[in-house]
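Notes follow once the structure below has been shown.
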Amino acid sequence: MKFQNLVQSMIISSLLLLTMLIMASSTTVAKAQSFNCIVVSEISATECATLLTFYKATNGPNWTNKDGWLDTNTPCNSWYGVGCSEGHVVGISLYSNQLSGSLPLELGYLTHLTDIFLPNNKLSGNIPYQLDRLAHLSQLSLSGNAFSGNIPAQLGTLLNLTNLSLAGNQLSGNIPPELGELTNLMELDLSNNELSGNIPPTLGNLVKLTQLNLKANRLSGNLPADLGNLIRLAKLNLSGNELSGNIPPTLGNLVNLDKLYLAANQFSGNIPPELGNLTNVTELYLDRNQLSGDIPPTLGNLNSLNIFSLNDNQLSGNIPLELSELKNIKMIDLSNNQLSGNIPPELGNLSNLWGLSLYNNKLSGNIPPELGKATSLINLFLQNNSLTGDIPPTLGNLTNLRYFYLSNNQLTGNVPSELGNLANLTSFQINDNYQLNGPLPLNLMNLNLNTFLFDNTALCEPNDIAFQNWLHNIATLKNSNVSCPEATPTPTQTATPTETATPTETATPTETATPTETATPTSTPTVTPQPMTTTITFTGGTVTSNDANRSVTIEFATGAVETDTQIIYAYHLPQFSPPPPVSLRGFDRFFELTALQSHEITRFNHPVTLTVQYPTNHTLIPNSIYLYWLSNSTWLTQGITFSHRTNKSFTSITDHFTFFAVFGETNLVYLPIILK
């Protein structure tokens with residue numbers, strides 16, 4: 001009986017709540033239908049009626065903030081987001097306010113409008129061409145919605161427009177050449193759409209333009225040389241398109257340029273030496289193209305440069321000595337090219353350098369000891385080259401180093417004990433250097449490593465108990481499986497050729513260095529995804545992981561960072577240390593996120609969103625799968641807000657960066673085995 005009463009009570013409560021919601025909705029709808037614009041003051045009834053149409057078309061009752069709307073007869077003073085001047089509506093500003101539906105063509109009747117600011121909502125449909133009636137319009141910002149269709153060519157008649165932002169929609173078709181008529185335009189952002197075709201040469205007429213952002217579309221063809229006319233341009237972002245042909249030398253005219261992003265296109269040919277004229281540029285991204293030839297020495301003139309990214313091209317020749325003149329440089333990425341010759345020792349003079357990526361080239365010679373002077377280094381990636389000689393002990397001076405990769409070279413000698421000074425090192429990879437030998441230094445125990453790879457070497461592990469405990473507590477470990485010989489008291493026992501140093505015991509080709517055991521050409525080098533670096537600006541952006549499944553996406557809202565920030569994503573092999581909480585099992589999702597400005601930051605102004613995908617053929621209970629973060633050797637979920645789940649992914653929100661892992665409860669049942 002008690003149970004039946006409880007059920008009845010719950011049903012009645014639910015019905016009451018539903019009734020209240022229906023009544024509230026009906027009241028709001030009725031209010032919108034009954035509001036009479038004749039009673040408003042401050043603006044005309046016609047302009048009021050247009051605002052009312054806009055309110056209905058964009059689902060006003062469900063806006064996040066609708067203060068004053070339809071509640072008062074003074075739209076200018078009390079309707080949220082409405083701005084007026086001299087009896088006319090001149091501005092509508094409803095940023096991130098849950099607007100949905102379509103933008104009504106009647107908006108064109110508000111002919112005194114100067115500002116329409118509606119980013120980060122859920123508006124859809126076409127952008128009405130009737131906006132061409134708004135002759136006074138100076139700002140049109142519709143970014144971060146779901147508008148589709150073509151960009152109306154009629155927008156080219158809005159000659160007072162200074163800011164046009166349509167980024168982050170689903171717009172398609174060509175960029176209208178008519179936009180080249182907007183000669184007062186200072187900012188043009190059409191990024192993150194589905195635009196195709198060529199970049200109109202008429203955009204070269206926009207001589208007042210300071211920012212041009214067309215990234216992440218499907219634009220193709222050659223880059224118009226006319227863009228070299230935009231001498232006021234401070235930011236040019238064309239990354240993530242299908243642009244081809246040579247980079248126009250006329251871009252060297254853009255002497256006020258601060259940021260140049262041409263990454264992830266199909267540009268070919270040489271890098272124009274004229275880019276060396278861009279002495280104000282702080283970020284230069286030409287990576288992931290098909291550029292060839294030498295790196296122009298003139299790029300050493302870019303004395304304001306902070307970020308220099310040429311990775312994933314077909315560049316050849318030597319690394320120019322002139323790059324050592326980049327005194328403000330923080331990151332150099334020349335990886336995945338065909339560069340040869342020595343690493344210039346003068347790079348060690350770059351005191352602000354925190355990232356040096358030279359991996360996957362054909363570099364040879366010794367590692368310069370002078371690199372030990374670059375004490376700001378956090379990432380040093382020299383793997384997959386043909387470097388020879390010893391590891392310089394001076395690299396032990398790089399006490400800020402976090403990632404240190406020397407794998408798959410031809411290095412010889414011992415691991416210097418000075419590397420035990422690298423107190424911040426978390427990942428150390430020296431695997432696949434077959435001639436590295438001798439015992440690992442005991443003072444490596446000073447390091448708090450999460451990854452240590454030294455397989456396919458002749459390095460041996462000291463039998464010291466403390467060292468062995470330290471070694472086997474490393475989360476991702478691949479060792480050489482070689483134990484150091486036991487030390488014995490007398491010289492005749494430790495140094496005689498017949499006992500410890502004979503070719504037949506420690507150095508014979510048949511035991512430690514035979515082609516069939518450790519030095520075979522057929523040995524498979526250890527392959528793990530390399531840490532990837534992405535720049536996030538104040539306007540936000542997205543980072544997608546570089547593991548095989550692209551399994552992690554990190555989204556930054558506008559204002560999450562105050563200045564340009566380098567986000568480093570590092571994938572780790574799933575050997576969890578410390579282990580997950582009791583009863584939990586882990587996925588192959590173990591990664592570290594680092595954020596760098598002039599220093600490392602661990603928290604953000606606004607939370608960031610992490611979406612993690614995982615395979616569907618798992619044995620974990622779906623609702624038990626969560627994102628955990630590492631704090632003082634403990635896996636925690638506190639501080640991470642869970643927001644959404646599907647059968648193969650989930651989304652969480654956090655405001656800090658550290659090590660992350662995915663754990664869940666298993667649905668496997670283990671039955672006891674009874675032995676008779």
Side-chain angles (χ1 to χ4, degrees), residues 239 261 263-264 282-283 285 287-288 306-312 329-336 350 352-360 374-383 398-407 422-429 448-451 453 475-476 528-537 540-547 550-556 560-573 589-604 608-612 627 629-630 654-661:
S239 295
Y261 302 136
T282 61
E283 298 183 11
Y285 286 88
D287 51 284
R288 290 168 291 161
N306 295 152
I307 309 296
F308 184 38
S309 183
L310 300 182
N311 57 285
D312 294 272
I329 198 73
K330 295 178 181 177
M331 188 192 80
I332 296 176
D333 192 347
L334 308 180
S335 61
N336 289 307
L350 301 176
N352 294 306
L353 188 67
W354 56 255
L356 180 59
S357 296
L358 305 179
Y359 63 88
N360 287 359
T375 54
S376 295
L377 273 173
I378 294 174
N379 306 328
L380 181 56
F381 301 140
L382 306 180
Q383 70 273 24
L398 304 178
T399 53
N400 289 304
L401 209 58
R402 296 277 299 274
Y403 302 97
F404 188 17
Y405 293 178
L406 300 176
S407 53
L422 305 179
N424 289 298
L425 198 65
T426 62
S427 184
F428 185 29
Q429 300 186 17
N448 186 23
L449 294 178
N450 290 289
T451 300
L453 309 183
T476 303
T528 56
Q530 306 299 335
M532 56 174 287
T533 303
T534 306
T535 300
I536 296 296
T537 66
T542 301
V543 176
T544 302
S545 64
N546 60 342
D547 55 277
R550 301 283 177 180
S551 57
V552 180
T553 302
I554 307 106
E555 298 178 56
F556 295 80
V561 294
E562 294 181 355
T563 186
D564 292 0
T565 303
Q566 307 304 313
I567 305 298
I568 303 172
Y569 170 91
Y571 171 88
H572 294 270
L573 296 176
R589 299 290 178 269
F590 179 35
F591 56 95
E592 180 185 12
L593 295 173
T594 306
L596 297 172
Q597 293 172 357
S598 58
H599 58 283
E600 182 176 357
I601 61 172
T602 57
R603 290 191 177 272
F604 299 92
V608 297
T609 302
L610 277 74
T611 300
V612 182
L627 186 68
W629 65 283
L630 192 60
T654 183
D655 65 353
H656 62 275
F657 272 10
T658 179
F659 283 93
F660 294 92

Testing the basics here: between Y285 and S309, what is the closest heavy-atom pair and its distance to 0.1 Å? CD2-CB, 3.5 Å
Does a side-chain heavy-atom distance below 4.5 Å link T399 with T375? no
Got a second to check how far L358's CG is from N311's CG, nearest 0.5 Å? 11.0 Å
Interatomic spacing from OH in Y359 to CG in L334 - rounded to 0.5 Å: 11.0 Å
Side chain to side chain, T451 and Y403, heavy atoms closer than 4.5 Å: no
If you measure from CG on N400 to CG on N379, what distance do you get to the nearest 0.5 Å? 11.0 Å
Considering only heavy atoms from C-beta outward, does the side chain of N448 approach that of T426 to under 4.5 Å? no
Working to the nearest 0.5 Å, report the span between CZ of F428 and CG of L380. 10.5 Å
Between atom CG of N306 and atom CE of M331, what is the distance when rounded to the nearest 0.5 Å? 10.5 Å
Heavy-atom count around N352 CG within 6.0 Å, excluding the residue itself: above 12? yes
Check step by step if side-chain contact (heavy atoms from CB on, under 4.5 Å) holds for V543 and L593. CA-CA 11 Å; V543 176; L593 295 173; 6.0 Å; no
Any I536 side-chain heavy atom under 4.5 Å of I554 side chain: no
For the residue pair D287 and D333, establish whether any side-chain heavy-atom pair is separated by less than 4.5 Å. no
What distance separates I307 CD1 from E283 CD, expressed to the nearest 0.5 Å? 5.5 Å
Do you know which two heavy atoms are closest between S427 and Y405, and how far apart they sit? OG-OH, 3.0 Å
